[in-house]
S.K.: 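First, the structure itself, so that you have it in front of you.
The shown structure was predicted, so the numbers you read here are calculated from the model rather than taken from an experiment. Chain letters run A, B, ... following the sequence lines, proteins first, then strands; residues in each count from 1.
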Amino acid sequence: MDQGLKETLLAWYRATARPLPWRGEKDPYRVLVAEVLLQQTRAAQAAPYYHRFLKRFPTLEALAQAPLEEVLKVWAGAGYYARARNLHRLAQSVSELPRSREALLALPGVGPYTAAAVAALAFGERVGVVDGNVRRVLARFYALEDPSPQALWRLADALVEGVDPAAWNQALMDLGALVCTPRRPRCGDCPLSPSCRGREDPGAYPRPRRRSQKEEVLWALVLLGPGGVYLEKAEAGRYGGLYGVPLLDEKAFWERAKALGVAPRFLGQVRHELTHRRLRVRVWGARLEAPLEGLQDPSARPLSKLTQKVLGKALPLLAHEPVVSLPDAEA
DNA sequence: AAGTCGGGGTA
DNA sequence: TACCCAGACTT
């Protein structure tokens, strides 16, 4: 790509840039928060969380001093909760963000993309940034069916010569998001189109990755009693750090119901889609008249969207359920 | 290298 | 429905 074409893309960017909340931001902490939120997340989806997060945790120090549960409450709904846990750990591990890509890469939750993005956008380091958009733009421009990450990073680093790193990298990402889209790219509006080797068959570059989606059936136990809903905190792994109703396979579900001494009834089903899983949750519940350790107010805890769906199904039904006496736990 | 981790948008 | 999104970490 010659210098003239780069200038053309930069001019397109100046005229077309999306007015995103973090656009032009130079404060490294705020850039970091944006980049972590943007991992595998569309800009439009990340934007409201970006505002909420920075209002509640305006500085690295404020984040470090907050309890993890508070951090997760702000993150709740955004998905990939390890990002929030890692960001919190990061804040507690350094008092100031390092200024180089190399040093940033050592931080928890900061991989090649985030390290390069913070280095280039906040500190102006001359490094290329490769995200899903840039991968697609470069694969098409150079007609690469299955480019290796190493090849893409080398290309991106080479391309940032002679341009402003912050503007250039964001221009490439915006081009991918607005024009060089995965399907039906708008080649007629693309400033790179005259030199693009993939223009005749953009769908071929890069080759689509197929992913399998597995079915998973889970059983949810919703107990409503004095003091609220029975919630437990998930450990590491899926929904780690968040609160939710017990979500188990069939066998464990009945064991748990027996251990808690409850006789739940079927309330309905909830579907939930993840990238690699198709969850079908059978929702069972009961009302309790006696207090039970673990009954609490769900709105006071960080909850996943899945838990919100399950509660949304169960609570209206349980609210009309007559209070039944607890069966004997030994029965 | 392959699996796992959320949730939502698009064609 | 299938694929993807301003990826990172574990196995």
S.K.: Can you give one letter per nucleotide of nucleotides 3-10 of chain C, going 5' to 3': B for a protein heavy atom under 4.0 Å from the base, S for sugar-phosphate only, - for none?
M.R.: BBBBBSS-
S.K.: Determine all donor-acceptor pairs shorter than 3.5 Å in which one atom belongs to a side chain in residues 221-235 of chain A; sequence neighbours excluded.
M.R.:
| unit_1 | atom_1 | unit_2 | atom_2 | d |
| --- | --- | --- | --- | --- |
| A/Glu232 | OE1 | A/Arg256 | NH1 | 3.0 |
| A/Glu232 | OE2 | A/Arg256 | NH1 | 3.4 |

S.K.: Enumerate the ring-ring contact (aromatic ring centres under 6.0 Å, His included) contacts for residues 85-143 of chain A, please, sequence neighbours excluded, ordered by first and then second residue.
M.R.: none
S.K.: If we take the P atom in both C/dA8 and B/dG9, what is their distance in whole Å?
M.R.: 23 Å
S.K.: When the C1' atoms of C/dT1 and B/dC5 are considered, how many whole Å apart are they?
M.R.: 22 Å
S.K.: So which one's nearest nucleotide on DNA chain B is more toward 5', A/Thr181 or A/Leu303?
M.R.: A/Leu303
S.K.: Hey, can you pull the donor-acceptor pairs under 3.5 Å for the side chains in residues 150-163 of chain A, sequence neighbours left out?
M.R.:
| unit_1 | atom_1 | unit_2 | atom_2 | d |
| --- | --- | --- | --- | --- |
| A/Asp157 | OD1 | A/Gly128 | N | 2.7 |

S.K.: What's the gap between B/dG3 and C/dA6 when it is taken at their C1' atoms, as a whole Å value?
M.R.: 23 Å
S.K.: To the closest 0.5 Å, what do you measure between CG (A/Leu279) and CG (A/Leu218)?
M.R.: 6.0 Å
S.K.: Going by side-chain contact (heavy atoms from CB on, under 4.5 Å), name the residues that satisfy it together with A/Ala106, two or more places apart in sequence or in a different chain.
M.R.: none
S.K.: Which residues pass the side chain to side chain donor-acceptor pair (under 3.5 Å) test with A/Asn169, not counting sequence neighbours?
M.R.: none
S.K.: Write out all pairs satisfying ring-ring contact (aromatic ring centres under 6.0 Å, His included) with one or both partners inside residues 4-27 of chain A, taking only residues at least two apart or from two chains.
M.R.: A/Trp22-A/Tyr50
S.K.: Show me the pairs that pass salt bridge (Lys or Arg N to Asp or Glu O under 4.0 Å) and involve residues 70-99 of chain A, at least two apart or across chains.
M.R.: A/Arg56-A/Glu70
S.K.: May I ask you to say what A/Ala34 touches in the nucleic acid, namely base, sugar-phosphate or nothing, with a heavy-atom cut-off under 4.0 Å?
M.R.: nothing
S.K.: Taking any atom closer than 4.0 angstrom to a non-hydrogen atom of chain A, what span of DNA chain B does the protein reach, first nucleotide to last?
M.R.: B/dT4 to B/dA11
